[in-house]
Protein chains: 2
Amino acid sequence: MATSTSKRDHILNSALSLFAERGFDATTIPMIASDANVGAGTIYRYFENKEVLVNTLFQHYVDLFTKTLEEDYPQEAGIRDQFHHLFQGMVRFTNEHEHALYFIKTHNAAYFLDETSRSRFNHLLMILEGFIDEGKEKEQIRDLPSKALIAIIFGGFLELFKLIRAGEIEETDELLTGAEETCWDAVRHHA
Amino acid sequence: MATSTSKRDHILNSALSLFAERGFDATTIPMIASDANVGAGTIYRYFENKEVLVNTLFQHYVDLFTKTLEEDYPQEAGIRDQFHHLFQGMVRFTNEHEHALYFIKTHNAAYFLDETSRSRFNHLLMILEGFIDEGKEKEQIRDLPSKALIAIIFGGFLELFKLIRAGEIEETDELLTGAEETCWDAVRHHA
DNA sequence: CTATGCGGAATGAACATTCATTCCTGTTCA
DNA sequence: TGAACAGGAATGAATGTTCATTCCGCATAG
């Protein structure tokens, strides 16, 4: 039944939600173990130490998110459609992995990330910057630093999902459509 | 020279930047003491414990920020001018207290906040919601949950200043004007 | 000299990590 | 067929470390 793979997965899942909810430093190994229904020592059978665990998790979800955004990317479509694709990807990814994006965002500059984690994250950023830069060239996106626009979209998006997760607002189709419009109006070029 | 008041202030300032940069849990009392050039024990002359320290800090800056937004608020002006006032307040406050807004945002749902801290923070939120609600009534602001719009503005704004602080982009007048337009276009009602 | 404020070593609690032991599961052989 | 065993996986008590907090001796000012 519980194969050793599923045990490793339980650990990763528990770690993800605890890191997202309380942060890396406030989360103890015994907490993760108890949430995952394994002994504390078991975690060390799968991960060398707490930092390796958090880096594994970080890289896994950054890669998965990157794949989600890249998959079926409408290379030939217009900027607005490409934006829709990206936004939909964020929504879908967040619904499939409740805590993952928030975990990534709150830990992307943390002191314990290793070189691989940082470089995977940069790769993700560069994809997004590519999109923004193209939009700016075509004068369909506002002339502000790409990093700034990305920060604004992600900052806004993630705060929004934080509210949804906290139960303060409900995730309806209207809300998501509205949020997409909001973010698009934020970055698009206005006449 | 170093009066006891300035010693307390040094502790608060060091705590603020360390909490903002590394988070509450990753910041140790010895770190704060060494940054503030005082002995570890001295901190306990001024604050009962680490939680009291962080709550003191939180309440202080939430109140200060609230005052900044309320001061000279153009009650009679149009929504756009009121928005300008609020945005300017955010910019000014952030420039005067580099880490304060970021500290507030990253810790506003933390487990160690006491009732007073939570209620002061809610008060701040309610002021902002009041502004948004008024704008929605006048059909000048987008019809989305007020909390969602606030989340989007603050999320975006703070990510932006995180980049500025990290030195990734430069804080110019163009950038700030552009960011204000961006945030306004995000929340305003579009025809 | 006394009192007040400080600093930093001392303390106890909590943590990450280790490791001796137990627990499975599948295999061998009588 | 089933008893005995091997070896990998899992466990949680034990260990060493780091932290928040305390405490006591030393300055400095009055």
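A, B, ... follow the sequence lines: proteins, then strands. Residue 1 opens every chain.
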Set of ring-ring contact (aromatic ring centres under 6.0 Å, His included) partners for B:F121, sequence neighbours left out: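 B:F121 satisfies ring-ring contact (aromatic ring centres under 6.0 Å, His included) with no residue once adjacent residues are dropped.
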Considering residues at least two apart in sequence or located in another chain, which fulfil the ring-ring contact (aromatic ring centres under 6.0 Å, His included) criterion with A:F47?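 Result, ring-ring contact (aromatic ring centres under 6.0 Å, His included) vs A:F47: none returned.
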Starting at atom [atom1] of [X], determine the distance to atom [atom2] of [N], rounded to an integer number of angstrom.
| X | N | atom1 | atom2 | value |
| --- | --- | --- | --- | --- |
| A:F112 | C:dA16 | CZ | P | 13 Å |
| A:Y46 | C:dT18 | OH | C1' | 18 Å |
| B:F19 | D:dA20 | CZ | P | 9 Å |
| A:N37 | D:dA10 | CG | C1' | 13 Å |
| A:K50 | C:dA14 | NZ | P | 16 Å |
| B:F47 | D:dT21 | CZ | P | 13 Å |
| A:F24 | C:dC15 | CZ | P | 14 Å |
| B:H10 | C:dG5 | NE2 | P | 19 Å |

Does anything in residues 73-85 of chain B form a salt bridge (Lys or Arg N to Asp or Glu O under 4.0 Å)? List the pairs, not counting sequence neighbours.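 Matches after skipping sequence neighbours: B:R80-B:E180, B:R80-B:E181.
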Those residues of residues 25-34 of chain B lying under 4.0 Å from DNA chain D by at least one heavy atom: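 Correct list: B:T27, B:T28, B:I29, B:P30.
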Residues in contact with DNA chain D, drawn from residues 38-45 of chain B - heavy-atom cutoff 4.0 Å: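 Of all residues in residues 38-45 of chain B, the ones placing a heavy atom under 4.0 Å from DNA chain D are B:G41, B:Y44.
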Look at A:K7 and D:dG8 and indicate whether a side-chain polar atom (N or O) is within less than 4.0 Å of OP1 or OP2.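 It does not, given that no N or O in the side chain of A:K7 lies less than 4.0 Å from OP1 or OP2 of D:dG8.
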Within 45° of the six-membered ring axis of A:F58 and under 6.0 Å from that ring's centre, is NZ or CZ of A:R120 located there?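 Because its charged atom misses either the 6.0 Å distance or the 45° angle limit, A:R120 does not stack over A:F58.
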With [X], which residues qualify under side-chain contact (heavy atoms from CB on, under 4.5 Å), at least two apart?
| X | value |
| --- | --- |
| B:H189 | none |
| B:K67 | none |
| A:D35 | A:S14, A:L18 |

Any salt bridge between B:D185 and A:R142, counting N to O under 4.0 Å?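 Salt bridge present between B:D185 and A:R142.
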Per-pair distances, 0.1 Å, donor-acceptor, side chain in residues 143-161 of chain A, under 3.5 Å, sequence neighbours excluded:
from, atom 1, to, atom 2, distance (Å)
A:S146, OG, A:D133, OD1, 2.5
A:S146, OG, A:K136, NZ, 3.2
A:K147, NZ, A:E129, OE2, 3.4
A:K147, NZ, B:E168, OE1, 3.2

